[in-house]
Number of protein chains: 2
Amino acid sequence: MKLQQLRYIVEVLNNNLNVSATAENLYTSQPGISKQVRMLEDELGIQVFGRSGKHLTHVTAAGKEVIELSKQILAKVESIKAIAKEHTLPDQGKLNIATTHTQARYALPNVISGFIQKYPKVSLHMHQGSPQQISEAASRGDADFAIATEALHLYSDLVMLPCYHWNRSVIVRKDHPLAQLKRLLTINDVATQPIVTYVFGFTGRSELDKAFAAQGLEPHIVFTATDADVIKTYVRLGLGVGVIASMAMDAELDTDLVAIDASHLFDASTTKIGFRKGAFLRSYMYEFIQRFAPHLTKEVVEQANLLRNQDDIDKLFVNVTLPVR
Amino acid sequence: MKLQQLRYIVEVLNNNLNVSATAENLYTSQPGISKQVRMLEDELGIQVFGRSGKHLTHVTAAGKEVIELSKQILAKVESIKAIAKEHTLPDQGKLNIATTHTQARYALPNVISGFIQKYPKVSLHMHQGSPQQISEAASRGDADFAIATEALHLYSDLVMLPCYHWNRSVIVRKDHPLAQLKRLLTINDVATQPIVTYVFGFTGRSELDKAFAAQGLEPHIVFTATDADVIKTYVRLGLGVGVIASMAMDAELDTDLVAIDASHLFDASTTKIGFRKGAFLRSYMYEFIQRFAPHLTKEVVEQANLLRNQDDIDKLFVNVTLPVR
DNA sequence: GCCGCTTACGCCATTCGTAAGGATC
DNA sequence: GATCCTTACGAATGGCGTAAGCGGC
């Protein structure tokens with residue numbers, strides 16, 4: 001059994017059982033992979049992949065178990081490499097962050113500018129995508145961290161830690177009737193307007209739907225986008241009122257818009273950071289986490305990383321008051 | 001990085017940093033190991049082993065971490081092989097049990113005779129040794145199961161499950177004054193006699209010492225041995241009274257001795273079965289466990305195997321009443 | 001008929017064993 | 001001086017790439 005063989009079967013699965021595509025992604029030849037997969041199967045005496053003629057059609061029951069263990073082995077191999085780097089070049093390395101537009105644009109800039117100042121030799125990469133893509137990237141090991149508000153819980157091999165709570169604001173043009181509102185905003189004020197907000201599955205959208213549903217209201221959503229910048233653009237066009245994360249209002253750039261606090265109308269959402277369970281984290285990674293969420297010290301993160309169930313991890317934070325943005 | 005390289009560094013550590021001895025045990029050449037260790041160190045850019053001239057003197061800090069992860073990787077590799085076997089030859093394989101004389105001689109025979117009848121194709125090996133040796137064998141992967149009463153808790157990478165409680169008996173020759181005793185045995189009856197019992201660290205010896213210490217008594221221990229058969233021999237010689245596990249009295253063979261129940265004088269001891277955390281257990285292994293301890297069903301064992309802390313595992317059994325032997 | 005996996009073959013890298021060298025205790 | 005690790009070298013093995021074959025869709 002060779003580590004490459006394990007790598008190959010994992011990657012073949014990641015490439016939807018297409019060996020040719022796998023070969024391209026790994027910059028190697030297709031027959032090479034094919035042969036190694038076969039050799040592994042011969043050695044183990046079992047089929048990892050089911051075949052119809054010469055096509056791979058599915059993963060066998062035994063194959064699923066083997067691939068799962070292979071992933072864990074390869075993750076530990078990466079940990080060994082990381083340990084070695086940590087002992088030779090503690091301030092050098094890579095940091096891959098997978099996150100959504102909202103975080104990348106509004107929550108992370110301050111953290112990152114401070115971080116790269118302290119660690120100029122760490123090459124930092126941001127991968128933007130949907131919450132699902134983000135979780136998958138972290139789960140596969142393509143990203144060290146996943147930062148998002150939704151969908152992270154779907155991947156059980158991630159450790160997820162709460163970072164901060166955030167609330168929503170309703171944004172309107174200065175000439176909009178609601179801009180002159182003297183009293184507290186009500187859910188009806190919003191429900192009677194055409195709404196521009198996030199796509200489902202993004203940036204706490206589910207909390208928004210829940211608030212309307214709780215009142216038996218059917219919001220009139222005319223337009224959705226994955227990020228607040230696009231939403232603001234269409235609010236400026238007069239398409240409707242926007243509902244976005246409060247932190248997405250920029251006091252300097254958005255002077256033509258008025259933000260009305262709506263934290264009393266919608267439950268706060270929680271942004272989380274996730275990484276692979278049992279992963280070895282470089283010292284600069286611990287520091288990154290703590291810069292993003294000061295309560296997540298190295299000790300807390302290490303403790304959480306030893307727990308297997310997300311439920312147990314969540315218990316660590318029941319008495320912690322998170323910052324609100 | 002190759003799996004063999006990881007195997008080599010682990011084995012070199014197991015052989016007290018003696019590469020030549022390691023080579024012998026692995027049936028390979030010493031320079032081969034030496035070179036692979038070096039190549040791994042070169043690839044990682046760190047030293048795993050500290051050297052003084054050409055002798056390996058110690059494991060570096062980084063090396064400790066690397067070796068720990070290597071062990072975990074190799075354990076998972078074994079799991080993959082076990083999964084493969086389970087899918088091809090479910091009733092074939094090996095079962096290595098490391099245990100003490102007491103278990104092998106008095107607790108296991110019934111279980112094993114039933115087991116080999118159902119699984120004639122499983123080759124069963126018993127490794128006898130001290131509790132420490134047993135734990136180490138299981139921890140290293142040389143044994144699938146460790147069964148003992150003491151010392152298992154010293155190895156944190158083992159899952160330990162309670163199997164049964166057992167009590168002690170005082171044994172004397174038929175012509176001994178205590179053999180005629182009409183009342184309940186007291187701790188003083190025992191303390192005033194020369195005692196023959198187990199060596200420290202064996203078969204619940206610590207519980208025995210505790211009971212005397214609690215009464216401020218200093219037992220007069222004249223002879224110790226690791227097994228009850230030897231103890232009985234010296235009781236027969238008139239060396240003193242024996243204190244042994246009650247199950248170690250054989251009604252048919254030991255007719256020249258009298259056993260006096262002492263369960264009220266000493267706390268019961270608990271025999272446990274241990275295996276490596278996260279190990280994949282063959283179906284016949286689950287069955288073996290359950291034959292030995294009926295309350296340890298496959299489901300219970302699997303659940304325990306998912307927990308990281310022994311404390312959490314122990315909690316699974318607080319409401320379970322174990323059999324008493 | 002195209003796509004995609006398998007087989008065949010040759011080159012190159014790597015591993016392993018033997019033998020000799022050098023350092024430590 | 002004995003033990004033990006390192007270096008050197010040759011044989012065998014194995015991985016990988018190119019080219020051809022062949023079975024599905």
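Lettering follows sequence order; numbering is per chain, from 1. Only heavy atoms go into these numbers, but all of them, side chains included; no hydrogens, no water, no symmetry mates. Everything numeric here is computed off the predicted structure, so don't read it as measured data.
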Less than 3.5 Å apart, which donor and acceptor atoms pair up between the side chains of residues 27-36 of chain A and the rest of the protein, not counting sequence neighbours?
unit_1: A/S29; atom_1: OG; unit_2: A/G32; atom_2: N; d: 3.2
unit_1: A/Q36; atom_1: OE1; unit_2: A/Q5; atom_2: NE2; d: 3.0

Which residues within residues 14-25 of chain A lie with some heavy atom under 4.0 Å of an atom in DNA chain C?
A/L17, A/N18, A/V19, A/S20
Near DNA chain C, counting only heavy atoms under 4.0 Å, which residues of residues 52-61 of chain A show up?
A/K54, A/H55
Taking the axis from the first five pairs and the axis from the last five, what angle separates them in the helix from C/dG1-D/dC25 to C/dC25-D/dG1, rounded to 10 degrees?
40°
Residue list, salt bridge (charged side-chain N to carboxylate O under 4.0 Å, His left out) with A/R105, at least two apart or on another chain:
A/D229
Listing, residues 121-129 of chain B side-chain donor-acceptor contacts under 3.5 Å, not counting sequence neighbours, or none:
unit_1: B/S123; atom_1: OG; unit_2: B/H125; atom_2: NE2; d: 3.3
unit_1: B/H127; atom_1: NE2; unit_2: B/N96; atom_2: OD1; d: 2.9

Does A/R38 place a side-chain N or O at less than 4.0 Å from the phosphate oxygens OP1/OP2 of C/dT6?
yes
Pairs flagged by side-chain hydrogen bond (donor to acceptor under 3.5 Å, both in side chains) wherever residues 275-285 of chain B is involved - sequence neighbours left out
B/E86-B/R282, B/E86-B/S283
Where at least one partner belongs to residues 41-55 of chain B, residue pairs that pass side-chain hydrogen bond (donor to acceptor under 3.5 Å, both in side chains), sequence neighbours excluded
B/E41-B/R51
So B/Y8 and B/V19, do their side chains get closer than 4.5 Å, heavy atoms only?
no
Which residues satisfy the side-chain hydrogen bond (donor to acceptor under 3.5 Å, both in side chains) test with B/N15, sequence neighbours excluded?
B/N25
List the residues meeting side-chain hydrogen bond (donor to acceptor under 3.5 Å, both in side chains) with B/K118, not counting sequence neighbours, and say none if there are none.
B/E287
Determine, for nucleotides 8-13 of chain C in 5'-to-3' order, which nucleotides have protein heavy atoms under 4.0 Å from the base (write B), from only the sugar-phosphate (write S), or from neither (write -).
------
In whole angstroms, the gap separating C1' of C/dT14 from CD of B/E43 amounts to 13 Å
Contact boundaries on DNA chain D for chain A, cut-off under 4.0 Å to non-hydrogen atoms:
D/dG15 to D/dC25
Remember a base hit wins even if backbone is also touched, and classify B/Q30 as base, sugar-phosphate or nothing at under 4.0 Å, heavy atoms.
base
